[in-house]
Amino acid sequence: MNKLIAILTAFAFIFNSLLIASANDTNIIAADSSFNDIETIELGNGFTVEYEITENISFARSNTKTAEKTETCRKNGKIITGI
């Protein structure tokens, strides 16, 4: 009888550890992500405009997305203004 209880307890611990291990693996997929896209346009006479879009994706319960856009105007490589 004691052997049977010991075997059943061992199987219960093994089963629970497998469930916990598989639950931890799903957290790796649900990590937050960020994507950058940079585009540079040459306007001529040394003027360039650089657009940078950063998209932040959260895989939390709300599953939200936020984005930021910045524009940088340059003349001959020097920053004139940032928008």
Side-chain angles (χ1 to χ4, degrees):
M1 183 69 178
N2 286 338
K3 261 189 178 180
L4 180 63
I5 292 173
I7 291 172
L8 291 176
T9 305
F11 281 127
F13 281 124
I14 291 171
F15 182 71
N16 284 336
S17 66
L18 291 175
L19 287 178
I20 292 170
S22 66
N24 286 338
D25 290 342
T26 58
N27 290 337
I28 295 170
I29 297 170
D32 294 345
S33 298
S34 177
F35 300 101
N36 285 349
D37 185 25
I38 299 174
E39 180 181 356
T40 303
I41 299 174
E42 303 232 1
L43 302 175
N45 292 332
F47 288 98
T48 58
V49 178
E50 183 178 279
Y51 299 99
E52 180 178 0
I53 298 174
T54 305
E55 183 179 3
N56 300 311
I57 301 172
S58 175
F59 294 110
R61 286 185 153 188
S62 61
N63 200 12
T64 59
K65 289 184 182 180
T66 58
E68 298 174 14
K69 180 180 178 183
T70 58
E71 297 178 22
T72 306
C73 299
R74 300 176 189 260
K75 178 169 181 165
N76 297 326
K78 293 183 180 180
I79 297 176
I80 297 173
T81 184
I83 302 172

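Atom set for the values below is all heavy atoms of this structure, side chains included, hydrogens, waters and symmetry mates excluded. From a predicted model like this one, the values you see are computed outputs, not experimental measurements.
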*Asks:* Enter the distance from Asn36:CG to Glu55:CD here, rounded to the nearest 0.5 Å.
*Replies:* 10.0 Å
*Asks:* How far apart are the closest heavy atoms of Asn56 and Thr54, and which atoms are they?
*Replies:* OD1-CG2, 3.9 Å
*Asks:* Checking Glu68 against Thr70 for the side chain to side chain contact (heavy atoms under 4.5 Å, CB included) test, could you report, in this order, the C-alpha distance in whole Å, the side-chain angles of both residues, the deciding distance, and whether it holds?
*Replies:* CA-CA 7 Å; Glu68 298 174 14; Thr70 58; 5.6 Å; no
*Asks:* Applying the 4.5 Å side-chain criterion to the ILVMFWY set and letting contacts propagate, would Ile79 and Leu43 be lumped into a single cluster?
*Replies:* no
*Asks:* Counting only heavy atoms not in Asn45 (residues, nucleotides, ligands), do more than 12 fall under 6.0 Å from its CG?
*Replies:* no
*Asks:* Calculate, to the nearest 0.5 Å, the distance between atoms CD and CD1 belonging to Glu71 and Ile41 respectively.
*Replies:* 9.0 Å
*Asks:* Using the rule that two of Ile, Leu, Val, Met, Phe, Trp, Tyr join whenever any of their side-chain heavy atoms come within less than 4.5 Å, decide whether Tyr51 and Ile38 are in one cluster.
*Replies:* no
*Asks:* If I take atom NZ from residue Lys69 and atom CD1 from residue Ile53, how far apart are they, to the nearest 0.5 angstrom?
*Replies:* 5.5 Å
